[in-house]
Amino acid sequence: MNNLLNSINAYPPYLEPLNPEQREAVVHTGNPLLILAGAGSGKTRVITTKIAYLIREKGVDPRSILAVTFTNKAAQEMAERARLIDDRAAYTMIRTFHSFGAWFLRRNSAFAGLGSGFMIYDDNDTISLLSHIMENIPKIDIKHFARCIARAKDYFLTPEDPQLSIIDYRKEFRGVYAGYEERLCQIGNVDFGDLIKKPVEILRTHPEVARRFRDRFRVVLVDEYQDTNIAQFELLKELCGPETYLCVVGDDDQSIYRFRGAEVRNILEFSDKFPGTDVIRLERNYRSIPPILKAASSVVSHNQRRLGKTLVAERGPGKKPVLAFLLNQDEEAAFCGEIIESSVRYAKRKKAAYSDWAVLYRTNAQSLGFETEFLRRNIPYRVVGSLKFYEREEVKDALALLALLMNPRDELAFRRVVNKPSRGIGAAAVGRILTEAADPKEEEGNLLTAAQQLAPSLSAKARSGIEAFLKALASGAETLADSPSQPRQREKPRKTAQENRSQEQLNAGEGLSVCVVALIQNAGIDEYHLSHDEIAGNQRINNLQELANAASLYPATPAGLEEFLEHIALDRSLEDTNRLNMDRVTLITLHNTKGLEFRRVIMTGIEQGIFPRFDSKGEELEEERRLFYVGATRAMDELYLCSTAARRVYGKSQTMQPSLFLYELDKTDFQIIGAPAYGYIPQKSGTLNLDHTQGSGSKRGDWEIGDRLFHEEQGYGSVINIQNSENGPVLKVHFDSGKEMRFLAFHQNSYITRIHHEL
DNA sequence: TAGTTTTAAGTTTTT
DNA sequence: CTTAAAACTA
């Protein structure tokens with residue numbers, strides 16, 4: 001007993017606030033460790049504390065620790081919090097999977113047949129490359145192939161792999177994939193999937209490289225493990241030798257990236273794949289008040305395929321969540337604005353801050369309504385993710401020029417800007433330049449030298465056009481000082497003088513912005529857009545200025561340019577650090593909320609067809625439930641669920657049905673506002689009666705005519721007849737769509753859910 | 001051939 | 001309602 005007490009007292013003070021399971025997870029060493037951590041159970045705290053513990057108590061070199069997360073935001077937060085416990089954690093490598101892959105590839109590019117200055121193509125680049133390879137193919141098919149290629153790489157499948165038919169059974173896919181890979185290799189760039197796949201291939205074919213990296217990283221920590229895909233699993237296997245300490249953290253109920261190739265099996269079968277694994281469960285929730293946790297668990301408990309766990313709420317009682325039925329999406333936005341405004345401006349006690357609030361939605365398109373409403377009410381907000389800034393034409397043009405500087409073989413970038421503004425270089429000339437560059441005698445695909453060599457044989461107009469273009473590029477190149485292996489210093493963001501001002505001319509500030517501005521001006525991108533459209537042109541100049549400002553944080557060297565472009569490829573959040581800490585409401589997709597928490601959360605658009613989506617059934621429907629679980633468990637103190645009766649789709653008003661998920665909640669846990677009938681005008685609260693759902697298979701035989709039900713394929717309907725058979729009752733159902741069908745009420749694979757509601 | 005106007009099509013979710 | 005592709009004119 002004394003020994004036990006002594007050992008507990010011997011814990012360093014920073015372990016004191018941890019509960020026994022958390023502490024066990026932190027001090028664990030040796031075998032592989034799987035931490036099954038429910039939402040809000042303090043897993044980030046465990047990982048960050050573990051990093052500090054390993055450095056302090058176990059004498060582990062911080063440089064030999066690798067921590068992988070899923071989003072850049074999570075990586076930043078983890079780094080910050082680890083550093084707060086111990087400064088030396090600053091030397092630990094904390095990155096996203098993709099960012100780590102890029103880092104690895106830059107250092108080992110030669111093994112993959114790449115130059116070190118490769119660029120990272122995004123999904124749009126993949127699509128346009130494919131459309132150049134296959135002409136006259138409808139865009140919808142191109143997109144399909146692009147998606148399949150990305151998926152194939154998620155599953156670590158090459159074009160030769162016999163299992164490729166899992167992705168797409170069509171026989172031409174193999175050829176398309178192979179052709180794409182060949183062209184991408186000629187260009188010398190990589191796509192997102194390559195950032196994981198290529199490192200695995202290098203590690204497998206070059207044992208000496210694998211040895212070096214296993215030597216370097218003695219500890220590997222993985223967050224959000226339930227969302228890793230096959231390729232990422234393979235990467236982990238290659239990075240971890242027998243000496244490596246591997247610790248993964250995850251929650252099968254929060255797996256929401258199956259569409260991206262995530263394999264829940266990775267977490268379900270972790271113990272089999274890494275023999276001797278120890279498992280620690282963190283099931284105490286410190287984040288949410290009990291009724292919020294109950295609501296979230298209630299929905300996700302309808303899933304069949306889950307490990308199952310019981311999250312215990314550690315917090316005391318709190319306010320009932322609110323279930324609000326609104327007439328349409330405008331009312332929904334107004335409702336959000338109303339409750340936020342009153343909590344911040346008019347609350348007598350417990351005044352909230354804007355930043356306490358988050359508005360969650362299923363699709364990015366839904367953010368628009370809230371933005372206009374908030375603008376009108378002067379509610380400050382920020383929209384997380386889907387920043388279309390880098391999608392803008394003028395920004396893409398500028399980036400193409402930069403990309404060409406990095407990699408003169410970049411065919412896509414070349415095509416984009418060579419004749420913009422019009423320089424008399426038509427399709428014919430571009431074609432000749434491309435074939436010239438493809439000539440193996442020439443400097444391996446360099447489009448710029450090819451253009452230069454070909455220029456004399458072209459028309460006078462094309463010749464001078466090419467000369468002007470090359471000169472513009474050269475002016476950008478001149479601004480880059482050779483960087484003699486300086487340590488990469490990323491300057492801290494400062495306030496720039498030219499903030500928020502409409503400029504007639506672009507200002508070159510410092511660092512890399514000099515290069516960006518030189519390119520834009522000498523290539524005439526600014527003039528092109530100004531002369532093109534006077535009104536939009538000014539906004540476009542502002543955007544280009546913003547791009548230049550972002551570039552000013554990087555040194556004007558080739559390495560700085562590389563870093564800038566990589567940052568843009570991997571992290572599109574253009575968050576101005578000055579505004580980061582401003583008091584604002586967060587508008588965010590459900591997917592993007594993973595790992596975040598807010599005091600007050602509004603989940604919006606909880607309607608059939610939107611959340612869950614119309615076509616989701618089976619495993620997809622279960623993933624939508626997990627998404628609901630993730631969203632609801634972000635809330636600490638207050639949770640609001642909104643469902644509308646009508647919504648504008650493509651400009652036309654459409655009636656909506658309440659989400660199936662609402663029927664999976666216990667209505668007595670909620671304060672209800674309005675009612676879910678079409679045309680019902682919400683006036684008083686509490687008219688809705690939502691009984692707790694009986695899933696299929698329960699309470700055999702007490703179906704009645706008139707019962708409402710939901711079928712995963714057919715939607716909502718009513719029972720119009722019941723017959724008995726030896727396998728139980730057979731229901732004849734009249735669906736709202738007009739269809740009538742018969743179902744065995746308790747078939748094993750039945751997708752029927754009974755719902756009760758009275759108005 | 002470049003730049004415009006007309007018509008059709010389309011919304012998951014992300015590194 | 002917005003955006004992309006197709007069709008059309010100068």
Side-chain angles (χ1 to χ4, degrees), chain A residues 68-75 95-102 120-128 131 136-140 142-143 147 150-151 153-154 190-197 224 227-229 231-232 255-262 329 360-369 372 384-388 390-393 419-430 461-462 528 531-533 566-573 588-595 605 609-616 620 623-624 626-628 630-631 647-654:
Chain A
V68 221
T69 64
F70 245 77
T71 63
N72 295 290
K73 197 174 299 184
R95 284 174 181 259
T96 64
F97 261 110
H98 288 88
S99 156
F100 172 75
I120 302 163
Y121 274 174
D122 64 16
D123 294 354
N124 289 323
D125 296 326
T126 296
I127 289 169
S128 58
S131 56
N136 298 325
I137 304 280
K139 189 156 186 183
I140 184 92
I142 300 273
K143 278 185 175 167
R147 187 175 295 203
R151 184 61 66 87
K153 291 187 178 184
D154 287 341
V190 300
D191 60 20
F192 278 127
D194 288 335
L195 293 178
I196 311 295
K197 186 164 164 276
E224 308 284 7
D227 280 322
T228 51
N229 59 35
Q232 287 160 338
S255 168
I256 54 175
Y257 282 100
R258 213 174 74 105
F259 69 93
R260 207 173 80 184
Q329 58 188 357
L360 277 48
Y361 37 80
R362 179 69 232 286
T363 65
N364 282 302
Q366 286 166 260
S367 76
L368 231 89
T372 44
V384 175
S386 128
L387 208 51
K388 298 203 186 90
Y390 293 107
E391 305 278 307
R392 290 174 191 279
E393 188 188 351
N419 198 31
K420 193 172 190 179
S422 176
R423 298 187 179 90
I425 306 163
V430 172
K461 211 166 110 192
Y528 172 85
S531 66
H532 220 246
D533 185 341
E566 180 167 313
H567 181 84
I568 290 170
L570 298 179
D571 182 4
R572 309 219 130 178
S573 65
I588 191 169
T589 61
L590 286 156
H591 279 89
N592 257 323
T593 60
K594 198 158 71 156
I610 290 191
F611 188 33
R613 282 187 60 76
F614 267 129
D615 47 6
S616 48
E620 280 171 328
E623 180 144 320
E624 300 267 331
R626 294 193 288 266
L627 198 51
F628 184 97
V630 168
R647 187 171 284 276
R648 270 191 308 280
V649 186
Y650 307 141
K652 287 216 169 70
S653 187
Q654 212 177 56

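Chain letters run A, B, ... following the sequence lines, proteins first and then strands; every chain starts at 1.
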Any side-chain heavy-atom pair from A:Val68 and A:Thr96 closer than 4.5 angstrom? no

G-U wobble or Watson-Crick pairing nucleotide for C:dA6 (cut-off 3.5 Å, both distances): B:dT5

Going 5' to 3' through nucleotides 2-10 of chain C, assign each nucleotide B (protein heavy atom under 4.0 Å from a base atom), S (under 4.0 Å only from sugar-phosphate atoms) or - (no protein heavy atom that close). ---S-----

For the residue pair A:His98 and A:Phe70, is the inter-centroid distance of their aromatic rings smaller than 6.0 Å? no

With rounding to whole Å, what would you report as the distance between C:dA4 and B:dT13 at their P atoms? 15 Å

Expressed as a whole number of angstroms, how long is the span from A:Asn229:CG to B:dT15:C1'? 10 Å

Evaluate the side-chain proximity of A:Leu590 to A:Phe628: yes if any heavy-atom separation is below 4.5 Å, no if none is. no

Hey, are A:Asp122 and A:Arg572 close enough for a salt bridge, meaning a charged N less than 4.0 Å from a carboxylate O? yes

Could you go through the side chain to side chain contact (heavy atoms under 4.5 Å, CB included) check for A:Phe192 and A:Leu570 one step at a time? CA-CA 9 Å; A:Phe192 278 127; A:Leu570 298 179; 3.9 Å; yes

Rounded to whole Å, CG of A:Asn124 lies from P of B:dT15 at a distance of 14 Å

Write down the distance between OH (A:Tyr257) and C1' (B:dT13), rounded to a whole number of angstrom. 7 Å

How far, in whole Å, is C:dA5 from B:dT12 if one measures between their C1' atoms? 23 Å

To the nearest Å, give me how far apart CD (A:Glu620) and P (B:dT13) are. 15 Å

Check: A:Asp227/A:Gln232 side-chain N/O donor and acceptor closer than 3.5 Å: no

Rounded to the Å, how far apart are A:Ile610 CD1 and B:dT13 P? 11 Å

Taking only side-chain nitrogens and oxygens of A:Asn364, does any of them come within less than 4.0 Å of OP1 or OP2 of B:dT13? yes

What integer distance in Å separates A:Arg647:CZ from C:dC1:C1'? 15 Å

Expressed as a whole number of angstroms, how long is the span from A:Asp194:CG to B:dT15:P? 18 Å

Worked check of side chain to side chain contact (heavy atoms under 4.5 Å, CB included) between A:Thr589 and A:Arg362: CA-CA 6 Å; A:Thr589 61; A:Arg362 179 69 232 286; over 6 Å; no

Summary of protein contacts for nucleotides 1-11 of chain B, nucleotide by nucleotide, where a base hit scores B, a sugar-phosphate-only hit scores S (4.0 Å, heavy atoms): -S-S-----BB

Before accepting this row, confirm whether a basic side-chain N of the pair A:Glu620/A:Arg258 lies closer than 4.0 Å to the acidic partner's carboxylate O. no

With rounding to whole Å, what would you report as the distance between C:dA6 and B:dT11 at their C1' atoms? 22 Å

Now, which nucleotide makes the Watson-Crick or G-U wobble pair with B:dT15, with each of the two distances under 3.5 Å? none

Between B:dT14 atom C1' and A:Ile588 atom CD1, what is the distance in whole Å? 12 Å

A:Lys153/A:Asp191 ion pair, N-O < 4.0 Å: yes

Side-chain ion pair, A:Arg613 and A:Glu623, N-O less than 4.0 Å: no

Report which part of the nucleic acid A:Asn72 touches: base, sugar-phosphate, or nothing (heavy-atom distance under 4.0 Å, all strands). nothing

